[in-house]
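One structure is given below, encoded as structure tokens.
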Amino acid sequence: KQEVTQIPAALSVPEGENLVLNCSFTDSAIYNLQWFRQDPGKGLTSLLLIQSSQREQTSGRLNASLDKSSGRSTLYIAASQPGDSATYLCAVRPSYGKLTFGQGTILTVHP
Amino acid sequence: EAGVAQSPRYKIIEKRQSVAFWCNPISGHATLYWYQQILGQGPKLLIQFQNNGVVDDSQLPKDRFSAERLKGVDSTLKIQPAKLEDSAVYLCASSSEPEDIQYFGAGTRLSVL
């Protein structure tokens, strides 16, 4: 059974810092890995999707990496802003099956 | 394009009562998902539809939860009777293909007292 763990559970940083969120998974036989953002009282928004054959994906100030062999992914946020404050979730998908989510990292960026 | 619509946004009921949630996916999306998100946890898939057929309902508590997808478009999720542990946010999502990016609605926050 796939298990997804995110560290840290919560993170508070001053504006402008670069930061890294971590995600680990127990079964390396994945089809893709996704990072989502969730704002309070709202649904999830997909940020980046990395296929199993890829090593990283970039979108603006966000960069996600994937190391299948070690069961790890990182989400790098450059020059953080208060608007980046949200919960960040990673989720893995097997070749056939459902997404398994981590519990999320609550990020607070203070001015 | 319009996003995934869910209603109601909030619902408070007493245990043993019934409740229903409604979801309208993005137009043209064949795959529809219902997730349960308990506070402090990631979403857990309850049921996945492909058009109006069920693909995965392995984590749906079938003794109290039921779901249907009408004509392969809108969907309803029902809980009858509700328990205290059903308090959670119920999220609906849709995608054009099962392996594609999922688009989520804002969710329905259920409180069972």
Side-chain angles (χ1 to χ4, degrees), chain A residues 1-10 21-26 29-54 57 59 62 64 73 75 86-107, chain B residues 1-11 21-26 29 31-50 54-60 67 88-111:
Chain A
K1 178 187 173 186
Q2 178 74 269
E3 293 184 4
V4 180
T5 303
Q6 291 187 244
I7 295 173
L21 307 181
N22 297 290
C23 172
S24 62
F25 47 95
T26 55
I30 66 171
Y31 180 73
N32 63 40
L33 181 144
Q34 299 179 54
W35 283 93
F36 292 85
R37 169 183 174 141
Q38 186 171 30
D39 293 281
K42 297 188 178 180
L44 282 66
T45 301
S46 180
L47 297 173
L48 292 165
L49 184 152
I50 310 176
Q51 300 292 354
S52 61
S53 59
Q54 298 175 320
Q57 280 286 344
S59 176
L62 305 180
S73 175
L75 179 66
T87 297
Y88 290 81
L89 297 133
C90 74
V92 298
R93 177 191 294 284
S95 296
Y96 294 98
K98 52 185 167 287
L99 282 177
T100 300
F101 284 84
Q103 78 278 22
T105 293
I106 301 171
L107 173 65
Chain B
E1 100 189 323
V4 176
Q6 289 189 246
S7 66
R9 288 298 313 277
Y10 306 93
K11 190 72 177 180
F21 313 126
W22 173 82
C23 173
N24 180 241
I26 292 173
H29 281 192
T31 309
L32 184 146
Y33 314 79
W34 282 103
Y35 289 89
Q36 180 192 59
Q37 186 176 24
I38 294 173
L39 186 65
Q41 299 181 17
K44 180 183 80 171
L45 181 71
L46 293 176
I47 189 166
Q48 176 182 340
F49 292 95
Q50 180 76 10
V54 176
V55 173
D56 186 341
D57 63 357
S58 57
Q59 299 188 109
L60 185 74
V89 176
Y90 291 84
L91 296 164
C92 179
S94 69
S95 65
S96 56
E97 296 291 340
E99 298 81 17
D100 206 352
I101 292 174
Q102 296 181 25
Y103 295 85
F104 283 77
T108 297
R109 182 176 298 276
L110 174 67
S111 296

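Scope of the values below: all heavy atoms of this structure, side chains included, with no hydrogens, waters or symmetry mates. Remember, predicted model here, so these are calculated numbers, not experimental data.
Residue B/Tyr35 comes nearest to A/Leu99 through the heavy atom pair OH-CD1, 4.0 Å, listed as atom of the first residue, atom of the second, then distance.
Between chain A and the residues B/Gly105, B/Gly107, B/Ser58, B/Pro43, the most heavy-atom pairs under 4.5 angstrom are made by B/Pro43.
A/Gln34 and B/Gln102 share no donor-acceptor pair across their side chains, judged by distance under 3.5 Å alone.
We find the CG-NZ distance between B/Leu46 and A/Lys98 to be 10.5 Å, quoted to the nearest 0.5 Å. The line from NZ of A/Lys42 to CZ of B/Arg9 is 9.0 Å long, rounded to the nearest 0.5 Å. Taken from OG1 in A/Thr45 to OH in B/Tyr103, the straight-line distance is 10.5 Å, to the nearest 0.5 Å.
B/Thr31 is linked by a side chain to side chain contact (heavy atoms under 4.5 Å, CB included) to B/Tyr33, B/Gln48, B/Gln50, B/Ser95, B/Pro98, counting only residues two or more places apart in sequence or in another chain.
Heavy atoms of A/Leu89 lying under 4.5 Å from chain B belong exclusively to its side chain. For chain B, no part of A/Gln6 is nearby; none of its heavy atoms comes within less than 4.5 Å.
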